[in-house]
Amino acid sequence: MELFRVCIVEDSAAAREKLRAFLAVYEEEHDCRFSVSEFADPLDFLEKFRNNFDFIFLDIDLPYMDGMEIARRIRATDKQAIVIFVTNMVQYAVKGYEVEALDFIVKPVQYATFAMKLERAVGRFQAHRGKDIWICEGNSRRRLRTLDIKYVEVSHHNVIYHTVEGDYKAYDQLKNVCASLADAPFALCNRCFLVNLHYVTAIGDYSVTVAGEELQISRSKKKDFLKSLNEYLGGK
């Protein structure tokens, strides 16, 4: 059963409850599962955002900061998350192309419309999710979704895959890990860390923040790493 990570950014408790209930109905009808996070405060969402959601249901009329600006900030670091506006401000929602929003749902939300939009979003996500890889854990094998891998830590023949679901250890070499992830947006920030550019949220002089964790960028890798990151953010 496939698991999707969903975030609802909405200041109305009733609206959040309705969307969560609709997600539960969709789960039953489509044999999938949603891990749901909710935020009433958009600033709280941005503070905790780590490129860690597949779908983001986003109201536009929010306190402190409107949904369009939030979406712009999401897109500054995350090109993959699927944004769906849920709003009664249709005149702004139709400008969603500016922030690469997939769609918008007009309030009051009806389940039939919600399910149709979500099904489209799931199809888009599955088409762009990237491949799966298999790793060896002792005598067993585990399948990992490349989009779920935040970074890979390599020391000699010991490899740790740091993922959104936890850490998994394997016995392998850096060259093999790089080969298996060659088609995904990964780049070396030093000889020990292979970073998923999807999870990069900040860059220092010689450090990179990956899903809230600060990793060192070596002098020898900095130029190539920044080039890869710029190309990724630019959509190349």
Side-chain angles (χ1 to χ4, degrees), residues 4-20 22-23 34-110 113-114 116-118 120-122 124-125 128-129 147 150 164 185 195-204 207-214 226 228-236:
F4 300 104
R5 300 162 296 169
V6 176
C7 182
I8 300 170
V9 186
E10 165 66 71
D11 61 323
S12 166
R16 293 197 306 273
E17 183 178 352
K18 174 180 276 193
L19 291 176
R20 183 183 279 275
F22 283 175
L23 287 166
F34 298 109
S35 172
V36 184
S37 300
E38 298 180 12
F39 293 90
D41 184 334
L43 301 182
D44 185 32
F45 163 74
L46 289 174
E47 182 180 345
K48 296 176 181 176
F49 178 63
R50 296 290 184 272
N51 296 18
N52 49 339
F53 298 111
D54 301 320
F55 308 124
I56 301 174
F57 291 94
L58 180 60
D59 189 13
I60 291 182
D61 187 16
L62 289 165
Y64 314 119
M65 183 182 298
D66 66 72
M68 289 294 291
E69 178 59 27
I70 294 168
R72 290 187 188 97
R73 298 196 182 196
I74 290 170
R75 286 294 178 244
T77 61
D78 191 337
K79 298 293 186 182
Q80 302 298 320
I82 293 176
V83 175
I84 300 175
F85 289 120
V86 183
T87 182
N88 52 17
M89 302 179 68
V90 182
Q91 68 272 29
Y92 295 106
V94 294
K95 296 177 65 178
Y97 67 89
E98 295 179 1
V99 290
E100 301 176 59
L102 176 69
D103 217 326
F104 66 93
I105 304 174
V106 179
K107 294 180 179 179
V109 182
Q110 303 298 318
T113 302
F114 174 86
M116 178 182 67
K117 306 279 188 177
L118 181 54
R120 181 186 176 209
V122 169
R124 172 72 65 85
F125 175 82
H128 294 87
R129 60 181 277 177
L147 186 58
K150 297 181 292 186
V164 295
V195 171
N196 188 337
L197 302 175
H198 175 71
Y199 291 98
V200 173
T201 55
I203 292 287
S207 67
V208 54
T209 303
V210 182
E213 298 183 59
E214 189 172 303
L226 293 180
S228 297
L229 179 61
N230 289 332
E231 290 178 349
Y232 172 74
L233 294 176
K236 295 183 178 180

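Values reported hereafter were calculated over all heavy atoms of this structure, with side chains retained and with hydrogens, waters and symmetry mates removed.
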Does R73 form a side-chain contact (heavy atoms from CB on, under 4.5 Å) with M65? I'd like the steps, not just the answer. CA-CA 11 Å; R73 298 196 182 196; M65 183 182 298; 3.6 Å; yes
Under the rule for side chain to side chain contact (heavy atoms under 4.5 Å, CB included), what residues qualify as partners of R20, not counting sequence neighbours?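 Per chain and number, R20 pairs via side chain to side chain contact (heavy atoms under 4.5 Å, CB included) with V36, E38.
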Could you list the residues that satisfy side chain to side chain contact (heavy atoms under 4.5 Å, CB included) with T209, not counting sequence neighbours?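 Expected list: T201, A202.
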Can you name the residues that form a ring-ring contact (aromatic ring centres under 6.0 Å, His included) with F45, not counting sequence neighbours?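 Testing F45 for ring-ring contact (aromatic ring centres under 6.0 Å, His included), a comparison that skips the adjacent residues, returns F39, F49.
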Residues in ring-ring contact (aromatic ring centres under 6.0 Å, His included) with Y199, at least two apart?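 With sequence neighbours excluded, Y199 shows a ring-ring contact (aromatic ring centres under 6.0 Å, His included) to no residue whatsoever.
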What distance separates [X] [atom1] from [Y] [atom2], expressed to the nearest 0.5 Å?
X: L62; Y: L43; atom1: CG; atom2: CG; result: 9.5 Å
X: L197; Y: Q80; atom1: CG; atom2: CD; result: 10.5 Å
X: K18; Y: L23; atom1: NZ; atom2: CG; result: 13.0 Å
X: I105; Y: L118; atom1: CD1; atom2: CG; result: 8.0 Å
X: R120; Y: D103; atom1: CZ; atom2: CG; result: 5.0 Å
X: T77; Y: I203; atom1: OG1; atom2: CD1; result: 11.5 Å

pair [X]-[Y]: side-chain heavy atoms closer than 4.5 Å:
X: E213; Y: K150; answer: yes
X: S37; Y: F53; answer: yes
X: P185; Y: N196; answer: yes
X: L229; Y: V200; answer: yes
X: V86; Y: K107; answer: yes
X: R72; Y: R75; answer: no

Mind listing the closest non-hydrogen atom pair of [X] and [Y] along with its distance?
X: A81; Y: H198; value: N-CE1, 4.4 Å
X: A121; Y: L102; value: CA-CD2, 3.4 Å
X: P42; Y: A40; value: CD-O, 3.7 Å
X: A71; Y: F85; value: CB-CZ, 4.0 Å

Exactly one of L58, T87, D59 should register a side-chain contact (heavy atoms from CB on, under 4.5 Å) with E10. Which one does?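 By the side-chain contact (heavy atoms from CB on, under 4.5 Å) criterion, E10 pairs with just one of L58, T87, D59: D59.
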Please determine whether side-chain contact (heavy atoms from CB on, under 4.5 Å) holds for the pair I74 and V99, giving the CA-CA distance in whole Å, both sets of side-chain angles, and the decisive distance to 0.1 Å. CA-CA 9 Å; I74 290 170; V99 290; over 6 Å; no
Apply side-chain contact (heavy atoms from CB on, under 4.5 Å) to D61 and D66, showing your working. CA-CA 6 Å; D61 187 16; D66 66 72; over 6 Å; no
Once side-chain hydrogen bond (donor to acceptor under 3.5 Å, both in side chains) is applied, do any residues pair with D44, and if so which ones, sequence neighbours excluded?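 Here the qualifying residues are K48.
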Judged by atom type as modelled, is there a donor-acceptor pair below 3.5 Å linking the side chain of N230 to the main-chain atoms of S228?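 No; zero donor-acceptor contacts below 3.5 Å.
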Looking at R5, is its backbone amide N or carbonyl O close enough to the side chain of D54 to form a donor-acceptor pair, meaning the two atoms are under 3.5 Å apart?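 Answer holds: yes.
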Ring centres under 6.0 angstrom apart (F114, F57):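 F114 vs F57: aromatic centres under 6.0 Å.
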Any salt bridge linking D11 with R16? Criterion: basic side-chain nitrogen under 4.0 Å from a carboxylate oxygen.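 Looking at R16 together with D11, the answer is no, because their closest N to O distance does not fall below 4.0 Å.
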Salt bridge (Lys or Arg N to Asp or Glu O under 4.0 Å) with E17: which residues, sequence neighbours excluded?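 E17 satisfies salt bridge (Lys or Arg N to Asp or Glu O under 4.0 Å) with no residue once adjacent residues are dropped.
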Aromatic ring pairing F125/F55, orientation class (parallel under 30°, perpendicular over 60°, tilted between):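 Judged by the thresholds at 30° and 60°, the geometry between F125 and F55 is perpendicular.
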